[in-house]
Every structure is written in C-alpha cells, then in structure tokens.
Number of protein chains: 2
Amino acid sequence: MPSQLGAARALALRVGHQSSPSYRLRLTSSPLLRQIRPTRACQFSILSRPNSPKRNDPTKAVQWLFPSRRIMRGISGKPLPQRRSVILNFAYRTAAIIGTGIGFIGALFAGFFIYDATTYKESSVTFGDCRVSEAALYPRRGGPKNLPIIEALLDDDDNEEARKKKTKPHLVILGGGWGSVALLKQLNPEDYHVTVISPKNYFLFTPMLPSATVGTLEMRSLVEPIRRILTRVGGHYLRASAEDVEFSHKLVEVSQIDSRGKEVRFYVPYDKLVIAVGSVTNPHGVKGLENCFFLKDINDARMIRNQVMKNLELACLPTTPDDERKRLLSFVVSGGGPTGVEFAAELFDLLNEDLTKRFPRLLRNEISVHLIQSRGHILNTYDEALSKYAEDRFARDQVEVLVNSRVKEVQKDKIIFTQKTDDGTIITKELPMGFCLWSTGVSQAELCRRIAAKLGPAQNNRHALETDSHLRLNGTPLGDVYAIGDCSTVQNNIADNVVTFLRGHAFRQGKDPETVELHFSDWRDVASDVKRRFPQAASHLKRLDKLFAQFDKDQSGTLDFGELRELLKQIDNKLTSLPATAQRANQQGIYLAKKFNKLAHCAPGLRANDIRDGDLDEACYKAFEYHHLGSLAYVGNSAVFDLGGGWGVTGGLWAVYAWRSVYFAQSVGVRTRVLMAMDWAKRGLFGRDLMSF
Amino acid sequence: MPSQLGAARALALRVGHQSSPSYRLRLTSSPLLRQIRPTRACQFSILSRPNSPKRNDPTKAVQWLFPSRRIMRGISGKPLPQRRSVILNFAYRTAAIIGTGIGFIGALFAGFFIYDATTYKESSVTFGDCRVSEAALYPRRGGPKNLPIIEALLDDDDNEEARKKKTKPHLVILGGGWGSVALLKQLNPEDYHVTVISPKNYFLFTPMLPSATVGTLEMRSLVEPIRRILTRVGGHYLRASAEDVEFSHKLVEVSQIDSRGKEVRFYVPYDKLVIAVGSVTNPHGVKGLENCFFLKDINDARMIRNQVMKNLELACLPTTPDDERKRLLSFVVSGGGPTGVEFAAELFDLLNEDLTKRFPRLLRNEISVHLIQSRGHILNTYDEALSKYAEDRFARDQVEVLVNSRVKEVQKDKIIFTQKTDDGTIITKELPMGFCLWSTGVSQAELCRRIAAKLGPAQNNRHALETDSHLRLNGTPLGDVYAIGDCSTVQNNIADNVVTFLRGHAFRQGKDPETVELHFSDWRDVASDVKRRFPQAASHLKRLDKLFAQFDKDQSGTLDFGELRELLKQIDNKLTSLPATAQRANQQGIYLAKKFNKLAHCAPGLRANDIRDGDLDEACYKAFEYHHLGSLAYVGNSAVFDLGGGWGVTGGLWAVYAWRSVYFAQSVGVRTRVLMAMDWAKRGLFGRDLMSF
C-alpha cells in the first residue's frame, strides 16, 4: 500500500519543479488525463530539460522500473501534485491518507505474523538432567503431627536466581486473591523466597464476575494464572489448601487430594506468613441454600450461565405448561449489594438485548427478574441518591426490587420471604422461581475459624481475623504472621492502649501513667502519637482543642487518665471497620509488599544494633492507612460511582464506558486487558452467545 | 492524529511557494530552526508579501487558530516542504506516514465505539401481548403411544414470515452437526417450515476440537449457536433428543428432561425428515473405558484440559513420589487417526512451549506422550508418505508411537495392550499412565440402531443407516426420510438393480430382462444408466470396451444376463463406502439442500401431472456424488495434506498457517472466524493459559 502513496509522491516530485503554463493548461483537461499527463510530463522533463538539476543523475530514468525505489522517493518526499479543483485535491489526498492507513495496518499485520512465527519452537525443549535436591524429592517428617516438612521445592535449583533465593527468608502466602496478587506485584524480586499456596491456580478478577455469568465477558478474560504472576518474583506455587498453622513451629499445615482421591497432608515452613484466604458466602442460617447458586468463583459463573440457558430452552418446549414456563423464567436475586445488583443488571441485559432476537417472543413477555434486599434500599453502602437512581433504573427495566425483605427458606421451585410493610407489619410472601442467586454478604473461612479459636483471647471477632494497625495477626509473635483482605479486620482499640500512649510522657514526668495530668500541649503530643499508631483515627482528631475542652469535665485545664480514656473510647466508637472489598485487600497487599521490601533492607542493620525481638515493623514502616477511592456499580446500560463523602456520579452509556475503563485499568495484566477489550468488542459485534455447555 | 499530518501539510503550503535564497540559506542552520523558521517565514509571507496570491484571502491569517481547518487544508493538500537533506525528508515523510496510519487506526477505533454505543438498548424491549396458537400451548395427544403431538410451535406466530411458513411442508432435522448446518446454510428460506431437534443448542466445529483441549483455541470459538444459524431460514429449534420415528404416521418421538428431572416424551410431525445424528465413540469391546477420556464434544475438551492441568499440578507437589509423578506425566492416546494424532501434537505443543516456562524443569524431563495405533502406521487412511512424515515428526518430538498394538484393558493407572512384533509374535505390554484419550473410530448411535431394527430387511449394515444414492433411507416411503453424515452410508448395490437397468431395454426388444442379450451399444446405454444412478461407480466404468471383452466369457459378442450381473458385481466390490468425515457430511447436507430447493419448485408441477408417488427425487435431481477434496492433519508445528490420488504435501510452519487458513475458510460464520483469529493471536502474544476450572 505505501507504494500507492509513494507513487503519488514520486509523481509529485517532478510536478513540483515545473510550473509552465502549458502544464497548467493540461491540468484543466479531464480528471483521467490529470492522473496520467503529469507522469508523462515528468518523464519528459527529467530526460530532456537541460537545466534540470537531476540531469546528471542517470539513475533517475531507471527508477520507474523499481517500485521499491518509488516508495523510497515517496517517503523521502517531494511535494504532491497541485490541482485546481479543491474537490479533486480533497479526494486525492483522502485516498492517499486512507491508503497509507490501510498500508500501515497491513504492515502491522505482517509484523505480527512474523512475530507469531517466532513463537513456535521448532525443536523440542529438553534440559539435560536437572538438579533437584534430596529434600525436595524425599521430604523429612516432623512437626507436631509428624507430617512431611517441605523444606525444599522441585524448582528450587532450576536456575541461578532460584538457587540464590533458597537462603532468603521464606515468605509463604495463603490464597491467590486481590491481597496476595497486589503483594506479589509490588514485592522486590530478590529479597524473599516466595511460595503461594492456594487451591486455585488462578487469580480471579472478582468485580467483573457478574459479566461472565451472561457471557458479556469470557471467563478466561477474568483470570490470570498465579504462576504467570509469580514469574516476576521467581516465586513458587503449590496447588493445595491450608488447613492449619503451627505458630510456635512456624509451619503451615497443608492438605491436598492425590490422584487416587486420598487426602495427603504436609507442612510448609515459613519465616513470614501472609494469610489472605478471603471469605465464604454467608448462609445467614437460611434453609435450602442447596437450591441457590452463588457467585464467588469462576465455576459458579459457568453453572449460572448454563442454568439460565437451560431454563430458557425448557421454556421453549411446547410440552412445558404455561405456569411452569412462568416459573422457569422467574429469576430471583437475593441480596442487593453490588454483586446482586450487577448480576440482575447483566441478566436483564442478556434477556433484553440477545434473548429477544433468537427466542420465541412469548418468553420475553413471561420473564421476570426479582431482587430481594433486606435493607430499605439496594446498594445501601452507597450514597442514598445513587441507590435511589439504581432503584429507578430497575423500576424502568421491570426488575422488581423487593426491599425490607428477608428470605426465610429457599425451596426447589419457590422462595419464601418476609416483607416489612411501611406500617411495620411483617407479612410472609412466596415467589415461584426457576433460578435463585444467593449473594448476601460473606462470612469467615474454615481456616480462619480454626486459627481464631487457636489464638483464643487475642481474637474476639467472629467475622474476621483481628490484626493490629501493622496488619500483624493479633496473638502471634510480632512480624511472623500477617492477615489481609476479606479474612481480616484491623482492630481499633485505641482506648486499650491508653497506658502505652501515656507511658513515655509519664516517664518524662517521673510519674505513674495512671496519675499523670495532661496539659493541652501534652495532649497534642499524645494525639499525634495516636495518629501515628492508628492512622484511621486521624480524621477524628482534627479539632484537638474542641476535644480537650469537651472531655476536660472538671475544667481543670488538664486531662486526667480517666478523661483521656473516655476521649479515646469515643473515637474508637466512631471508627468503622474496613469494608470487605477488593479495593481494601489491594491496598493492604501493596502496603505489606512495601513494608517487606523495607524490612528486607533495614532488618540487618537493626539486628546489628541487637534489636531482634523488638517491633521491627513499627521501627521500619508506618502503620496501614486505608484510603477509600470510592465504589462503583453497573446497573443496566448505566453505572453509579460513589466517590465517598456524599459525592456521587450517575450516568448512562458514558458511565458504562467509564465503569469499564476503571476496571480495565485495574486489571492484573496486559493479557487480561487485551482479552477484556476483545470480549467487549465481541459483544458489540456478535452479541452474547446463547449456548450452554 | 490527522491534525499532525494536517499541520505538516499546512506548513508545507507556504514554503512551497517561496524559494528565496534567503530561505534556502536559513535552512542550512540547525534542524530545530529548520522546523521552526518556515512557519514564521510563512506567517510573514502571508501577511506581508504584496504579490502573494493569498493576500486577498482574509481567512488565511486566522487559520492557525483552527486546527480543524489545518486538517482540511492538509487533506485538500498542498505540497510538503522541501529540504535539502534527504535524511531529514525521509524522517519527515516516514513520520507523516506513521502519523497517518495511527490516525487511521484511531479513526477506526472511534468508529467502532460509535457503532458499539448503538448496540445497547436504552429502553427495555417489550412486545404487547404476542399471538400464540392454542395448539402450541395445549398440544393434542395422539399417535401410536398417545403422546402430545407438537403441530404448532411457540414462535410460529411471532412475525409475518413465520406465519406464512406454517402452511409450508414441515422439514424436521435431527442433529445439529456438519450435515444439518450445511443443509441449513443452503436451503431457500421461504420453501420449508424448518425445525431442528438436537440435545445440544450449538454446532461444534469438530476438526479443531483437539486445539481446544490445550487452550490453543477457546471453546467458544469452535461453537456457533444453532439458533443463530437458523435465523436465515426462520427455523425453529427444540432442545431435546430424538428417540424413535413412526414412519407410517410421519412422527418423530422426542424425549426431554424437564426441570424436575422427569423425562417427558412427545411427537413432532414431519413431511420431510433428515436424520443427521452422527455417531458415538466405538468402545471396540475394551474393558475399563470409564478410565478414558473421549473427544467428541466441547465438554470433553474441557474435561481433558482440566485433567491435564490437574496432573501437572499434582506432579509439582513434593509429597508426590517420583514413580507416581512419572505416571501422572505419562499421557496415552489410543487411536492413530487424525483426532488422536492432532491431540498428541497439540498436547506436545502445550508441554513443549508453555509448560517449560512456568513449571519445574523436572516435569518437562519426566513427561512422556504415547500414541497407540492398531495398524502398521498412524494416519493409515492417508498416503503412506504422509503417515511416514508424521511418524518421523513424532519420533523427533519424543512422542512414542506404538504401532500394531491393540488395547486390551484400561485400568485406573495403567493401560494393557498387545503388540505384534515384526516376526509376528504377539506380546502383552502394560504402560503406566495418568491420562488416556480414547479416539478409535465411531459406532452407531442408539436411535439409528432402533431405526435399523425397525426397518428390518431393508437395513443390513450394523455400522450405519443405509440410504440409496439419493440419500433416502432404505425401507421408508420415497422422499419422506433422508439420512446424512456419519450415521448414514450410501448403499452400492448395482448388481441387485440389474433387472431395473435391463427392463427398459428389454421392453424395447419386447423380451424378458432375464433372457435379453446386450450388444456393445446396448451395454453402453446400460453403463450410462448405471453411471446416472450410481455416480460413485463412474470411475470404474471408464473403459467400457475392456469390461465388455473381459466379461463376454463365451466371446458371443453379447453380454447375457448372468455375464452383466457378474460385471456389475465386480464394480460393486470395487466401490468403497464413504468416509465418516465432516467433509462428507458437509457435501451431503449441501446436496440435500439443493435438492429440497429444487423439489419445492418442481413438485407442484409434477403433482399437476398426477405424479404423486413416483420417484420425485429421481425425476427432479441427480443422485449424490461424493468428491474427495483431500484430508489434512496437524502434527506439531507442521502439517500434512493428503490431496488424494497419492498426492500429498507436508511442511513446517507455512503448512501450519495453511492448515489454519483452510479451517478458517471452512468455519461456519464471521463470528467463529473472528474468534479463531483472536485466539491464534492470543496464543502468539500470551501463550496458552495453564489454568483449570
């Protein structure tokens, strides 16, 4: 293609140099001539014009024979021919531009094919005999339960880097979700020997899961192999599930099912352990959840997809009675959180955009989507205006939103729930349904329960593992075990630490903390100390003078121990626990990675100064602070953005594109991004494919 | 981006017009200056030069303020600025071309987004109340088993076209494979009321299935929803499986499992029935096939993929003993046909190209792939040279090919087979394995068995349903039932029809066919008659004189009845049955479609001439003739093409691309093509994703 333009330019070159009236005259003749004549003219001009600067150059005459040369000249550039007619010029140049464009794309394609050809290995790869340590092949037994202890892995000796790592501190990460991946992406490759243990060998981009249930996105576009993510840090992966942790022995007990279906258990030793196993669906003690679908894993998405398709196909059969058809086409979503709302929206899109094209009309008319929400509004964690918008949207799309409703029981073919009417009376309703998604909150995973029980008094939260503001699991040796993501919560017990806050100050005054009196300046010091240790509290420690006045009950101009504790207690109460979102897990992962990088470098120094068991984390790095970046949700060809602090944005198609680009940006890697883009393009071009397998 | 070029051109326009030495001089200064000065110069030239042709045009001075205008001028085109330095010109023009290219692509993207935006339905689609006939909602019962008879479908009244179709002859197609789809793609939309009955609501592009097992292609790229294919002919689809056919009542008995898991049966009436249900895997009476995987359906592909991944993950665990690891990594393929060979090749690619990157080296060294073939060569239906090539290829890739080997039993963890050594002795071997694919030929589906049994003497082939050369199922009323694809075979019984061939001739001679004597000329007539009725025989009826001489035993110069039958018998024996390939099914489907189109138009005329029960097919259309277009197979970064008649091509990467383009061209629709291309690009860019779910 470039030759096309090239030709044009090559043509140009000569014309540019002669502007004899005769030529001008010629130009006024038919367009066809305009195309041809100049060329001739040039030939002539080149070969005969005595005062031509090019005359002494013999190659000029030959050049017409070699298109490649013409391209060269085209690129090396001479002016394009001038026409009198603007239209003709316009057309001419447009053609040139389009030509160039197509040529450019062609070149890109060619380039890709050449690259692709290099990705096939002609010969089969074989490494002579590779080094594997005895310890990896025949692990020694030990630990409290005398299980095999995996001190070395099969690929510990595969290459130089791997061999170097063996001596580094062993960092073991449980789980492959947002927290772990964020950590892995920020961690310095050279500082730790990393091992990830997870029953799933892929990271799942959870926020987009609802899209996968109806085929807006393909499942593979939402997942990234853990191994691929681990390559950067030269980490190792074991496909197994953590069962327990022996904190005193620094061993993780891991189980895995072998090829014969027998469970095999073994220990994985750690220097640092990160627990990021996430959470499980919360049954809320409702009967008959076996009749529900869930949406936590990629397989769930496929099962939902198949069930939806199955119901549609059954509804098409004339042998299906009409009431049965209505039931099959009644889709119920229990839980009005982002997941539930987005699923309802995606489902509606499927039914509205694709179903109508290929299935009998009757189905479209008999389909109903219901959203059961226990609170007064859907998206109740969002700004009220936004949830209102979502509700209106659904109302318009004939998605029935049932608020103030609690599911009592789910049966094979109907769901029974109680609804609180406006006058407060509670009535029991039932809804025939062919499909029910259960997406109401999360609860603690088995492993976490076991750990919490083990740590006893240090853990008093039945929903998540409690950590200090450095994300260290309470009740474990400092700097050994960390917990991040949905499975953890940062404990805000400022008041309980009042003594530690006062100690330094009291020492200076040579007093007992209990009896110390704080002047405003002292209080300011304490406050800054609190802020440092509990960053979340900062927002509540802005007007120090106000607080001081407020809690200095006896107007003594000083705060005594009791008054101070009261003050801190009140702040504790104001502090809310962090949301169980991908966003939080992500931030915690990044925080840990940065801290670990720091520790790896300052730890030796500290050890030199004989600070071994001291609070290394405290010494090296600041406490974790959560920054809420807002939340967003897709609500059917429109999206809502909650930017926090009462700020919110809602919108139609543009918001959908914005919503997509946010996730596009957050996506793990190039691969998933390209795939997601491809999927969105596919949806636009071909719609969703209504198949089940 | 275009503005970039626009600017360049806009710049160009002025420079082109002034060629004062002073300017030339300036140009010799620094490159930066060269970029800037001209602009200034022009500004100046425009505003001040008294003899400027543009002087009277006031807009000129303003234009710099409006980039859009600059683009316009760029497109309407004025010569680009001339430099003395060729390099600078070259760079300058290259930049312009690349700029244009990128701009062009940008424009395409923008265009796509605009299109995409139109694909979202802002408002929810609803048709008021739609018409559905009583018969569709409450089908009457009847037929031999008194089951509901589906005389009308839910979408029979959805729109005008559908309503018109109700009166057309009802064409019922069983199965959604190659044959059916080929038929649907060629059939005239207006002539028949089409209903497809198949348990799977998608067409599967079977030849590429091996690629899907290892993630070279995604599964969704190989499937096309039947409903999408049916849209063109305005056809209907029922997701159910055909159980039996009542030929006398023209009813298909269909079964389907309702939402409660209960089987529901009903009748679908037909005027024309096409049986294209394909075949099932052939167990060859081997024990323990439950320990094998098969490769007929898209789900099989997923199961295989997951199993392969599972084995790899287990092999990574240090607790797995070494011998167990070797077993897990021993992959066995039983059957050296195209499917088996291509799977082995794809599997090897996966292990060779992707595994080595992310898994411990040890695995790569302990992996083994074995191919068990009962014949003396793999790909034994192909030209010998090709199968030799494939074998060499595998040998080089360390894929062990075990020929002359028959599997006796498959156990959970090993496969037992007998091997014939060169000296003819048979020895029993066993091979520990972690995965076994069973891909040895096909056998008859349940439905076909039942039908064959029902038709009794008319069907004597235990492997497939016998049809005449018009693809009409033998033993059924002419023109009612057709069978195509793997489930059928065209019967070559020329000798049995000798009487019918002779009848016409005998009548003319006023003789009894048994006693007629054929001179060479008569024989020529008979031969052409045979060719017309049995096109496959044509190739064996070339040298008529030779045949005549050969079979005229008594040298009487004439063929008597016995001699003629001998001759035809010999031809029968030469005729081989058609291969059970996608290619054949495809050709048969197209043949039927064309015939049906023809019939729809000539049938009325014939009926007018009172030809009702006559052989309409024979009268309207020629018999089916199979044209072998050759076969091809992928054998690991190279491919073999068998063009038939001993012609064959083998090659490396170029052959792979060729192999792909063949299938790319054969693919059902735009959607699958785009998806396949995307997948191949994905593989090139990111490799195969080693995940299982």
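By convention in this document, chain letters (A, B, ...) are assigned in the order of the sequence lines, proteins followed by strands, and residues within each chain are numbered from 1.
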Next item on the list: Check whether any side-chain heavy atom of Leu317(B) sits under 4.5 Å from a side-chain heavy atom of Val264(A), and report yes or no.
Entry: no
Next item on the list: Could you tell me which portion of Ile257(B) (side chain, backbone, both or neither) has an atom closer than 4.5 angstrom to a non-hydrogen atom of chain A?
Entry: backbone
Next item on the list: Please step through side-chain contact (heavy atoms from CB on, under 4.5 Å) for the pair Asn201(B) and Arg358(A), ending with a clear verdict.
Entry: CA-CA 12 Å; Asn201(B) 60 0; Arg358(A) 315 242 179 250; over 6 Å; no
Checklist line | Atom group of Glu224(A) that falls short of 4.5 Å from chain B, counting heavy atoms | finding: backbone
Check: Tell me, side chain or backbone of Phe112(A) under 4.5 Å from chain B's heavy atoms, or both, or neither?
Finding: side chain
Note to self: Heavy-atom pairs under 4.5 Å with chain B - which of Arg671(A), Lys310(A), Arg325(A) has more of them than the others?
What the structure shows: Arg671(A)
Check: Val674(B) versus chain A, heavy atoms under 4.5 Å apart: side chain, backbone, both or neither?
Finding: side chain
Next item on the list: Between chain A and each of Ala240(B), Gly669(B), Ala681(B), Pro318(B), count heavy-atom pairs under 4.5 Å; write down the option with the most.
Entry: Pro318(B)
Next item on the list: For each of Val254(B), Thr320(B), Ile226(B), Val670(B), tally heavy-atom pairs with chain A at distances under 4.5 Å, and name the one with the top tally.
Entry: Val670(B)
Checklist line | Any side-chain heavy-atom pair of Leu675(B) and Glu218(A) under 4.5 Å | finding: no
Next item on the list: Kindly indicate whether the side chain of Arg220(A), heavy atoms from C-beta on, has any atom under 4.5 Å from the side chain of Arg220(B).
Entry: no
Check: Heavy atoms, side chains only, cut-off 4.5 Å: are Phe104(B) and Thr100(A) in contact?
Finding: no
Check: What part of Pro139(A) lies closer than 4.5 angstrom to a heavy atom of chain B: side chain, backbone, both or neither?
Finding: side chain
Margin query: For Asp322(A), which atoms come within 4.5 Å of any heavy atom of chain B: side chain, backbone, both, or neither?
Written below: side chain
Check: Do Gln256(B) and Leu314(A) have side chains that get closer than 4.5 Å, going by heavy atoms?
Finding: yes
Next item on the list: Determine the option with the most heavy-atom pairs under 4.5 angstrom with chain A, choosing from Ala162(B), Pro321(B), Ser259(B), Pro148(B).
Entry: Ser259(B)
Check: Taking Arg239(A) for the side chain and Cys316(B) for the main chain, is one N or O donor matched with an acceptor at less than 3.5 Å?
Finding: no
Notebook entry, point to check: Out of Ile150(B), Leu238(B), Thr319(B), which one racks up the most heavy-atom pairs below 4.5 Å with chain A?
Noted result: Thr319(B)
Note to self: Can you give me the closest heavy-atom contact between Pro360(B) and Asp158(A), atom names plus distance?
What the structure shows: CA-OD2, 3.4 Å
Next item on the list: Name the region of Asp156(B), side chain, backbone, both or neither, that has any atom closer than 4.5 Å to a heavy atom of chain A.
Entry: neither
Checklist line | Engaged part of Leu328(A) at the chain B interface, taking heavy atoms whose separation is under 4.5 Å | finding: side chain
Next item on the list: Select one option (side chain, backbone, both, neither) describing which atoms of Tyr115(A) are under 4.5 Å from chain B's heavy atoms.
Entry: side chain
Note to self: Using a strict threshold of under 4.0 Å (side-chain N to carboxylate O), is an ion pair present between Arg683(B) and Asp116(A)?
What the structure shows: yes
Note to self: Run the ring pair (Phe, Tyr, Trp, His ring centres under 6.0 Å) test against Phe203(A) and tell me which residues pass, sequence neighbours left out.
What the structure shows: Trp178(A)
Item checked: Sub-4.5 Å side-chain heavy-atom contact between Ile105(B) and Ile105(A) -> yes
Notebook entry, point to check: Do you know which of Leu363(A), Asp258(A), Leu685(A) has the most heavy-atom pairs under 4.5 Å to chain B?
Noted result: Leu685(A)
Notebook entry, point to check: Hey, what do you get for CG (Asp349(A)) to OH (Tyr120(B)), rounding to the nearest 0.5 Å?
Noted result: 9.0 Å
Check: At a heavy-atom separation under 4.5 Å, does Ala107(A) approach chain B through its side chain, its backbone, both, or neither?
Finding: neither
Next item on the list: Heavy-atom pairs under 4.5 Å with chain A are the metric here; pick the option from Tyr237(B), Phe113(B), Tyr657(B) that has the most.
Entry: Tyr657(B)
Next item on the list: Look up atom CG in Leu362(A) and atom CG in Leu153(B), then write down how far apart they are to the nearest 0.5 Å.
Entry: 12.0 Å
Note to self: Heavy-atom cut-off 4.5 Å, strictly under: side chain, backbone, both or neither for Trp680(A) against chain B?
What the structure shows: backbone
Checklist line | Segment of Ala301(A) engaging chain B (4.5 angstrom heavy-atom cut-off) | finding: neither
Note to self: At a 4.5 Å cut-off on heavy atoms, which part of Ala136(A) comes close to chain B: side chain, backbone, both, or neither?
What the structure shows: backbone
Check: Can you list the steps and then say if Glu353(B) with Thr119(A) is a side-chain contact (heavy atoms from CB on, under 4.5 Å)?
Finding: CA-CA 8 Å; Glu353(B) 287 169 15; Thr119(A) 63; over 6 Å; no
Notebook entry, point to check: Between Met678(B), Arg228(B), Lys357(B), Glu324(B), which shows the greatest number of heavy-atom pairs under 4.5 Å with chain A?
Noted result: Arg228(B)
